[in-house]
Student: 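Pasting a structure below so you can have a look.
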Amino acid sequence: MINELFLFSHNYRLSRTQVMFSVLLGRVDKFLSFLLLLLSSSVIGNLGNHIFVGICIAVITAVRMAFSFEKTAESARKQAVNYLNLYTSQALTAPESQLTEDLMCIQKEEPNIWLSLSNVADLRTRQILGEPVKNELSNWEKLMAFLSGHLQ
């Protein structure tokens with residue numbers, strides 16, 4: 001049987017990364033939606049340069065369509081649930097080969113996580129497990145952690 005603590009920490013870290021990614025992308029999507037609403041209101045209110053505002057609306061819409069932040073955030077949230085379900089339902093009872101197979105199956109559907117969240121998720125997992133933590137995050141990683149709601 002796989003070391004239970006290792007399995008827990010590994011799955012928890014993967015789950016934590018997915019949760020952070022989901023929160024971050026959800027916030028990005030909401031911010032872009034707010035900007036679209038604000039810029040659209042300025043056109044209706046006849047404020048500002050309409051050409052510039054129109055270009056901004058087109059660019060924001062193109063970015064939202066190209067990156068599908070809302071869809072990716074939901075996918076990451078579902079992955080986090082899958083990782084936690086793997087641990088809670090099978091970690092203590094399933095054979096090692098079954099756990100490995102299920103873990104690989106879950107990882108096939110995983111969205112591409114921004115690397116700036118990987119170290120933050122590892123740091124949070126170590127904090128939760130009570131392991132010694134060195135806060136060696138770059139300023140960019142600290143910003144991403146703050147935006148994803150996981151910086152203490």
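Positions are given from 1, in the same order as the sequence printed here.
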Student: Give, for atom CG of L37 and atom CD1 of I44, the distance between the pair rounded to the nearest 0.5 Å.
Tutor: 8.5 Å

Student: Which atom pairs, donor and acceptor, lie under 3.5 Å between side-chain atoms of residues 19-28 and protein residues at least two apart or in another chain?
Tutor:
unit_1, atom_1, unit_2, atom_2, d
S22, OG, A73, O, 2.9
R27, NH1, L147, O, 2.7

Student: Between L117 and L115, is there shared hydrophobic-cluster membership here, with clusters defined by ILVMFWY side-chain heavy atoms closer than 4.5 Å?
Tutor: no

Student: Residues in salt bridge (Lys or Arg N to Asp or Glu O under 4.0 Å) with E74, at least two apart?
Tutor: R77

Student: Looking at CG of L36 and OG1 of T61, how far apart are the two atoms once the value is rounded to the nearest 0.5 Å?
Tutor: 4.5 Å

Student: If you look at every heavy atom in I60 and L32, which pair is closest and at what distance?
Tutor: CG2-O, 3.9 Å

Student: Please check: side-chain N/O of S75 versus main-chain N/O of K71, any donor-acceptor pairing under 3.5 Å?
Tutor: no

Student: Cluster partners of L38, using ILVMFWY side-chain heavy atoms under 4.5 angstrom, listed by chain and number?
Tutor: F34

Student: Should M65 and V59 be regarded as members of a common hydrophobic cluster, given that ILVMFWY residues are connected when their side-chain heavy atoms come within less than 4.5 Å of each other, either directly or indirectly?
Tutor: no

Student: For F31, which residues count as a ring pair (Phe, Tyr, Trp, His ring centres under 6.0 Å) partner, sequence neighbours excluded?
Tutor: none

Student: To the nearest 0.5 angstrom, please state how far the CG atom of L123 sits from the NZ atom of K142.
Tutor: 10.5 Å

Student: Only pairs at least two apart or in different chains count here, so list each salt bridge (Lys or Arg N to Asp or Glu O under 4.0 Å) that has a residue in residues 40-66.
Tutor: D29-R64

Student: Under 3.5 Å, sequence neighbours excluded: what are the donor-acceptor pairs made by side chains of residues 46-58?
Tutor:
unit_1, atom_1, unit_2, atom_2, d
N46, OD1, H50, NE2, 2.6
N49, OD1, I51, N, 3.1

Student: Once rounded to the nearest 0.5 Å, what's the spacing between atom CD of Q79 and atom OG1 of T17?
Tutor: 11.5 Å

